[in-house]
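A quick write-up on the structure given underneath.
Nothing here was measured: the structure is a model prediction, and the numbers come from that model. Just the heavy atoms: all of them, side chains too, but no hydrogens, waters or symmetry mates, feed the values below. Note on naming: letters A, B, ... go to the chains in the order of the sequence lines (proteins, then strands), and numbering restarts at 1 for each one.
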2 protein chains.
Amino acid sequence: MPKTLAAKTDGSPGVVYRGIVDGLYRGRYVPGQRLVEADLTRDFEVGRGSVREALSRLAAEGLVSMNLHRSATIRSLSRNETRDLVALLEVLNGFAARLAAERVEEGANRKLIAEAYASLADVEVQRDFLRFARARNTFYKTMVAMGANHELARLMPRTNVDLVRVQFRAYTTVDDDVRIEDYRAIYEAINEGAGRKAETAAKTHIRRLGDAIDKLPDAAFAG
Amino acid sequence: MPKTLAAKTDGSPGVVYRGIVDGLYRGRYVPGQRLVEADLTRDFEVGRGSVREALSRLAAEGLVSMNLHRSATIRSLSRNETRDLVALLEVLNGFAARLAAERVEEGANRKLIAEAYASLADVEVQRDFLRFARARNTFYKTMVAMGANHELARLMPRTNVDLVRVQFRAYTTVDDDVRIEDYRAIYEAINEGAGRKAETAAKTHIRRLGDAIDKLPDAAFAG
DNA sequence: TCCCCCAAACTCGTCCGACAATCCCTGCAA
DNA sequence: TTGCAGGGATTGTCGGACGAGTTTGGGGGA
């Protein structure tokens, strides 16, 4: 029984929570899919209460949507929602990048962001969707952590970045043209301690991402 | 107040959720206060599961903090957390104000924001903390709704504005000097459809608020 | 008298079982 | 084909139970 093991880490709801997020990245769950509580109870071997708590946390973060008396479903972004989200991420990531740049001198920050960028720039990593996704998450997480704004760190996971990443993973063109050069620009600006430059670079990156997404066919979106 | 998000057809957990948020504004609960599940079960006459769900939603929004094997408590902001939060709100509110200004022509937007501002500017309303808080929430909510960015609307209630408002309510000086003139500037910029101007006005307002909070004595903050 | 340590009371995390409410699919009838 | 009733599936909510960790009050030792 994984009870004791689970309790140490994050508890049963955490197991389900992480299991679903991970399953999303691994393709086990796809946008629109139904998440039946009884199934999850069986799959993760936890009580139904824990499943419900995990689901409501996921719903709070916008990853799944819960409808009254209907199964929770993996949320799927419409074209408009995606546009809104990208616009919001532009602002938030710009803010995060600026803060990070302003604090690059403190503690081990310079080293941390350098490492995060290094693994992102590794061509080996770039070939593997899963590894690249992880490296990218680490990069962003490091950037936010450097900024040392606790409230921003709390809020960032509550955006739906994960959804964007997963929903459009099939359309690799979205990433390929854009990603590495942009990340390099962001990293260098942060490394220089240039706040405004980092903010601009981050915003530019997100805007390019948004432009690429705009060009995707309707089939990539929900409703 | 994030009522819109949770209020609709939400059952027992919603009752508890709204009861706590409302109690916060009414002074029934104060920052730092312990929220024992058993007590809430009795007070709201719902099952413990519903209480827990409400608490975890409140925790997700940052209004309460849940401690392992210890009662949940109404979160109380430290000086640093407040500073972080204000910096974040500056960015988000600036964004919201800009979007609102850009869309003032659409639908009934001009009328809506005018009404929201009118009740905010009513001296009668300003004397009553509760009524003023409601009017201010309406103003902000209208502003966000005008922007029509669904993701921003989803994220805004997950900041801890409510906490700031409640925690420093005793120190009226924070508000008095600042509020009305700033709100007027924001409103007028939005009404003119001047995006950048509205963004600046909103940011200025938040920054002034932050300055006022910085001057508060340590007693106003948590550990 | 004062301080430290331990046992009991609290409280939360989790599981289980139960029941009603609601949704939705299926099959029957017009 | 269309409308409708019935039943299975699924969620919403409750109550009880137990383990684990925290807090607290009292007794023993210095």
Classify the side chain of Arg48(A) versus the base of dT13(D) as yes if they form a donor-acceptor pair under 3.5 Å and no if they do not.
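Yes, the side chain and the base share a sub-3.5 Å donor-acceptor pair.
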Set of residues satisfying side-chain contact (heavy atoms from CB on, under 4.5 Å) with respect to Arg42(B), sequence neighbours excluded:
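Expected list: Asp39(B).
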Among residues at least two apart in sequence or on other chains, which ones pass side-chain contact (heavy atoms from CB on, under 4.5 Å) with Glu45(B)?
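Glu45(B) satisfies side-chain contact (heavy atoms from CB on, under 4.5 Å) with no other residue.
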Measure from [atom1] on [X] to [atom2] on [N] and round the result to the nearest Å.
| X | N | atom1 | atom2 | value |
| --- | --- | --- | --- | --- |
| Glu37(A) | dA9(D) | CD | P | 16 Å |
| Met66(A) | dT13(D) | CE | P | 10 Å |
| Leu35(B) | dC12(C) | CG | P | 9 Å |
| Arg52(B) | dC15(C) | CZ | P | 11 Å |
| Leu40(A) | dT10(D) | CG | C1' | 12 Å |
| Phe44(B) | dG15(D) | CZ | C1' | 20 Å |
| Asn67(B) | dC10(C) | CG | P | 20 Å |
| Asp39(A) | dA9(D) | CG | C1' | 11 Å |

Between protein and nucleotides 23-25 of chain D, what N or O pairs are separated by less than 3.5 Å?
unit_1, atom_1, unit_2, atom_2, d
dT23(D), OP1, Arg70(B), NE, 2.9

Phosphate OP1/OP2 of dC12(C): any Ser71(B) side-chain N/O under 4.0 Å:
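So the side-chain polar atoms of Ser71(B) do come within 4.0 Å of the phosphate oxygens OP1 or OP2 of dC12(C), strictly under.
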When you check the phosphate oxygens OP1 and OP2 of dG12(D), does a side-chain N or O of Ser12(B) lie under 4.0 Å from one of them?
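For dG12(D), neither OP1 nor OP2 has a side-chain N or O of Ser12(B) closer than 4.0 Å.
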In this structure, which one of Asn160(B), Thr159(B), Val161(B) forms a side chain to side chain contact (heavy atoms under 4.5 Å, CB included) with Leu163(B)?
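Passing option: Asn160(B).
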Check this for me, if you would: do Glu115(A) and Lys111(A) make a salt bridge, where the nitrogen-to-carboxylate-oxygen distance has to be below 4.0 angstrom?
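Lys111(A) and Glu115(A): salt-bridged.
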For Asp128(A), which residues count as a salt bridge (charged side-chain N to carboxylate O under 4.0 Å, His left out) partner, sequence neighbours excluded?
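Residues passing salt bridge (charged side-chain N to carboxylate O under 4.0 Å, His left out) with Asp128(A): none at all.
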Residue pairs, two or more places apart or on separate chains, that pass side chain to side chain donor-acceptor pair (under 3.5 Å) and touch residues 211-223 of chain B:
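Sorted result for residues 211-223 of chain B: Arg79(B)-Asp218(B), Arg83(B)-Asp214(B).
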Counting any heavy atom closer than 4.0 Å, what does Leu55(B) reach on the DNA or RNA strands: base, sugar-phosphate only, or nothing?
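No contact.
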Filter on ring-ring contact (aromatic ring centres under 6.0 Å, His included), then keep only pairs touching residues 133-162 of chain A, sequence neighbours left out; what's left?
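Residue pairs with at least one partner in residues 133-162 of chain A: Phe139(A)-Tyr183(A).
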Given DNA chain C, 5'-ward residue of the pair Gly49(A) and Val36(B), judged by closest heavy atom:
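Whichever sits nearer the 5' end wins; that is Val36(B).
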